[in-house]
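Keep in mind that what you see is a predicted model, and the values were worked out from it rather than measured. As the structure lists them, so they are numbered: ligands from 1, and atoms in each ligand from 1.
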Amino acid sequence: MSTPKPDPRIAVDSAGLQRRIEELALISESPAPVVTRVLFSEADVRAREYVRRAAREAGLSVREDPIGNIFARWEGSEPALPAVGSGSHTDAIPNAGRYDGVVGVLGAFEALAALKRAGFRPRRSLEVVMFTSEEPTRFGLGCLGSRLMAGTISAARAQALRDRDGRTLDELRAAAGYSGPLESVRLPAGHYHSFIELHIEQGPVLEEKGIPIGIVEHIAGPSSYRMTLHGEGGHAGAVLMPARHDALLAGAEVALAVERAAKASGSPDTVGTVGIFRIEPGASNSVPFSAYLEIDLRDARLDTRAKALAEIRSSAALACARRGVRMDFEEINADPPAAGDPKTVETVEKVCSELGLRSLRMVSRAYHDSLFMARVSPTTMIFIPCRNGWSHRPEEFAAPGHIASGAEVLAHTMARLAGQTHGL
Ligand code: HGY
Ligand code: MN
Ligand code: MN
């Protein structure tokens, strides 16, 4: 059977997409080229306004749910059918780049605009989601919007979240203009026929292999924990070494144990990071009496992640016992990995070969909202290369040509999955 020819009329406006990525990058709590957009900050609220406008300019209708997930929809000729979804996030951790998440929101708007310009008439509706709080920065828990949509956390658990200054989710979402019961964020069963997220790889594989498109078969399972270590403070001159219960040094041993356990887990995909480490009182001539750490531990496999965690906890207990420091340990989240849907992966693969684009099936080591969308819909992700694999840093970069190819593959894939009312 001959390979169907992709319709040449589906043409992505690469310059326009690039311009919108650059415009959105200027909406930040940090001076350019650094991007910081923490959930419900002033910059996040302005970015949401930008996203609403970009969705409308792409000819999509916009609705928002009580936690601020934004849904941009193109109603199909059979609106009762489960929709074909796409989307990603626009919130950004401190000192981030301009492509993480943004490519998947603005790129999806452009994919749908390209289909509209080509005269495509979808049977199933097409819907792009800008997910609230994919990053964990505000509350320590990432993917808040997609977790609630997938029903993997309760409204009560979300309502109990506090930021570093003790502010609640309800307070912050109300200040950003959102209200209503969080229970209603949960998607009705079968809302999406399929979900495909476009994202930069946030790793070096595609660039090293010179392959323009990655197709995600597996998303590693993230987990994170918070630890407070209670030692004893005192004068840096007066407290002699044998009498010390230095919380920072106990925390330093924990951080080294995280690295050791991740390296020794037996799986190359185990990664452990202590990205937050705060001490009190933070005076150069005072012995730290308390340390607060957050541990990020991920793996494509659950058994080796569990092994690494057990190792970390026992090393931490030994270090604290030896130093006379008390440890409080709390799990923030421990999520299983997710599998890409084989049929959706195959559809993307076919589209790539019809477009003459090489593609590679791969694991995502970063987590994404797709990790939770995979619980409620056949899901995969389209990756594009990013320079040196850099991400979560201002030097993050994706070439305009790669971004355009990703949006083009997304457009053709969504069109194929949506079916069409009339020919192109
Ligand atoms: O941390 C992650 O993997 C994602 O970028 N939030
Ligand atoms: Mn990120
Ligand atoms: Mn992301």
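- Under the 6.0 Å distance and 45° angle rule, Arg63 counts as a cation-pi partner of Phe71.
- At a cut-off of 2.8 Å, His199 is counted among the residues with an N, O or S atom near the Mn ion (ligand 3).
- At least one N, O or S atom of His392 sits under 2.8 Å from the Mn ion (ligand 2).
- A cation-pi contact links Arg393 to Trp390, judged by a cut-off of 6.0 Å to the six-membered ring centre and 45° from its axis.
- Between the OG1 atom of Thr132 and the CZ atom of Arg173 there is a distance of 10.5 Å, given to the nearest 0.5 Å.
- In summary, an N, O or S atom of Glu135 is located under 2.8 Å from the Mn ion (ligand 2).
- Of all N/O/S atoms in Asp100, OD2 sits nearest the Mn ion (ligand 2).
- Geometrically, Arg313 engages Phe329 in a cation-pi contact, judged by NZ or CZ lying under 6.0 Å from the ring centre and within 45° of the ring axis.
- Taking a cutoff of 4.0 Å between a charged side-chain nitrogen and a carboxylate oxygen, Asp341 and Lys343 do not qualify as a salt bridge.
- At the top of the distance list for atom 1 (O) of ligand 1, counting protein heavy atoms only, stands Arg298 NH2, 2.8 Å.
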For a side-chain contact (heavy atoms from CB on, under 4.5 Å) check, start with the C-alpha distance between His412 and Ile10, then their side-chain angles and the critical distance, and finish with the verdict. CA-CA 8 Å; His412 284 273; Ile10 298 178; 3.6 Å; yes
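- Within the listing of ligand 1, atoms 3 (O) sit less than 4.0 angstrom from a heavy atom of Ala366.
- Ligand 1 places these atoms under 4.0 Å from at least one heavy atom of Glu134: 4 (C), 6 (N).
- Looking only at protein heavy atoms, the nearest one to atom 5 (O) of ligand 1 is His392 NE2, 3.1 Å.
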Pair Val216, Glu201 - check side-chain contact (heavy atoms from CB on, under 4.5 Å), show working. CA-CA 10 Å; Val216 172; Glu201 180 199 337; over 6 Å; no
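- If you check which protein heavy atom lies closest to atom 6 (N) of ligand 1, you get Glu135 OE1, 2.8 Å.
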